[in-house]
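Notes for the one structure printed next.
Here the structure is a predicted model, which means the values were calculated and not measured. Every chain is numbered from 1 and lettered A, B, ... according to where its sequence line falls, protein lines coming before strand lines.
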Number of protein chains: 2
Amino acid sequence: MADPQYRLEQIIKVLRDKGHRITPQRLALLKIIAKSEGHPSVEQIYEQMKADFPTTSLATIYKTLTLLKEVGEVLELNFATAGSHYDGNKPYPHPHVICTRCGQILDRKSVALAEISQEMARLTGYEITHHQLNFFGLCPECQKAGPG
Amino acid sequence: MADPQYRLEQIIKVLRDKGHRITPQRLALLKIIAKSEGHPSVEQIYEQMKADFPTTSLATIYKTLTLLKEVGEVLELNFATAGSHYDGNKPYPHPHVICTRCGQILDRKSVALAEISQEMARLTGYEITHHQLNFFGLCPECQKAGPG
DNA sequence: TTTCTAAAGATAATGATTATCCATAAAAAT
DNA sequence: ATTTTTATGGATAATCATTATCTTTAGAAA
Ligand SMILES: [Mn+2]
Ligand SMILES: [Mn+2]
Ligand SMILES: [Zn+2]
Ligand SMILES: [Zn+2]
């Protein structure tokens with residue numbers, strides 16, 4: 001679907017243009033989120049990082065993710081369950097479908113959502129900057145497994 | 001809009017029917033969330049509780065809110081910012097509009113949302129149980145105050 | 001090279017929530 | 001009524017993700 005290589009260069013360019021350095025550690029993290037199909041958690045990114053940089057600190061992961069949030073190149077997802085997840089391929093708001101049993105996170109889009117957003121702005125007078133729309137339930141796999 | 005007294009009795013009945021006791025502390029908390037127009041935080045509920053029960057423990061607040069979640073009589077809102085908020089009047093999923101500056105939380109509804117939910121279920125095969133839809137931005141008041 | 005500063009790494013601190021443990025009060029049983 | 005049982009309240013410790021702090025390191029610039 002997406003082109004990890006292009007996405008990687010895209011993020012690098014944004015960071016460079018804003019005067020940030022592309023260090024080996026950052027490059028490694030960028031590769032991870034650029035190639036990620038799903039929505040990795042901090043812990044998952046941390047584990048992958050340690051493959052190339054065994055001495056990586058969790059603090060570095062958090063700092064880099066915060067930086068990416070600031071420059072708008074990653075979308076942070078935080079549900080009730082502890083631990084944020086990150087989307088490095090679609091850094092703009094979009095709907096997600098989450099399985100409450102296995103934790104799968106799917107990307108979706110919805111044209112109607114833009115309309116709802118405008119409707120909300122009109123009705124409330126708000127200047128809406130972003131939104132989050134999450135659907136929770138059981139994925140087909142977990143439905144087969146039955147209740148329990 | 002809503003009738004706090006009726007809402008209160010409604011919650012009491014659900015708790016009683018499921019074999020839970022209506023203690024003085026619980027009754028006090030129920031009154032607080034039944035009459036609340038907004039979406040109080042744990043800390044706000046805690047402060048109000050201390051008016052009637054100065055020795056109330058935060059643990060009791062959390063336990064009671066967890067109980068109310070379990071019986072489906074309160075909706076928990078958790079955004080990125082630390083600290084959950086609770087809606088005791090509309091315990092079912094519905095859209096919220098949140099000001100990122102002053103923290104105001106508005107209730108809204110959207111007919112299109114039900115359709116989107118069904119669309120998601122159809123496209124993904126998920127059995128969707130609930131959702132969350134939050135819009136973030138600046139309320140009219142905070143817009144006047146200007147950037148900064 | 002030397003200097004300057006961003007970034008990495010280690011670790012402590014924070015803060016919301018949860019767990020634990022005991023005291024207590026409310027039902028139930030006798 | 002009295003006793004028994006159990007749920008609940010209250011105090012406090014523990015947990016866990018995230019952030020802050022501090023020092024070291026490394027990359028860019030001079
Ligand atoms: Mn996504
Ligand atoms: Mn609400
Ligand atoms: Zn699943
Ligand atoms: Zn505001």
Counting primed atoms, P, OP1 and OP2 as sugar-phosphate and everything else as base, the B/S/- map of nucleotides 3-8 of chain C against protein heavy atoms under 4.0 Å is --BBSB
When rounded to whole Å, the OH to P distance for the pair A:Y46 and D:dC16 reads 16 Å
Atom CD1 of B:I61 and atom P of C:dT17 are separated, to the nearest Å, by 12 Å
To the nearest angstrom, the CE-C1' distance between B:M49 and D:dA11 comes to 15 Å
The residue, B:R16 or A:L58, whose nearest nucleotide of DNA chain C is more 5′ is A:L58
- Query: Under 4.0 Å between a Lys/Arg side-chain N and an Asp/Glu carboxylate O for B:D3 and B:R7?
  - Reply: no
ask   = Think A:S84 has a side-chain N or O under 4.0 angstrom from the OP1 or OP2 of D:dA17?
value = no
Whole-Å distance, A:N78 CG to D:dT19 C1', equals 15 Å
Whole-Å distance, B:K50 NZ to D:dA11 C1', equals 14 Å
To the nearest 0.5 Å, atom NE2 of A:H94 lies from atom CG of A:L113 at 11.0 Å
When rounded to whole Å, the CD1 to C1' distance for the pair B:I45 and D:dG9 reads 17 Å
Assert: residue with more 5' nearest nucleotide on DNA chain D, out of A:A59 and A:E43, is A:E43
dist B:I116:CD1 -> B:I128:CD1 (nearest 0.5 Å) comes out at 11.0 Å
| said: Please determine whether a side-chain nitrogen or oxygen atom of A:Y62 lies at a distance below 4.0 Å from atom OP1 or OP2 of D:dT19. | reply: no
Of A:K69, A:H39, A:Q132, the one forming a side-chain hydrogen bond (donor to acceptor under 3.5 Å, both in side chains) with A:E76 is A:K69
*Would A:L67 end up clustered with A:Y62 when hydrophobic side chains under 4.5 Å apart are linked, directly or stepwise?*
yes
Check your understanding: Side-chain heavy atoms under 4.5 angstrom apart, residues restricted to Ile, Leu, Val, Met, Phe, Trp, Tyr: same cluster for A:I45 and A:I22?
Key -> yes
| said: Quick check: A:H85 with A:H96 (ring centres under 6.0 Å apart)? | reply: no
B:D52 CG to D:dG9 P, in whole Å, measures 15 Å
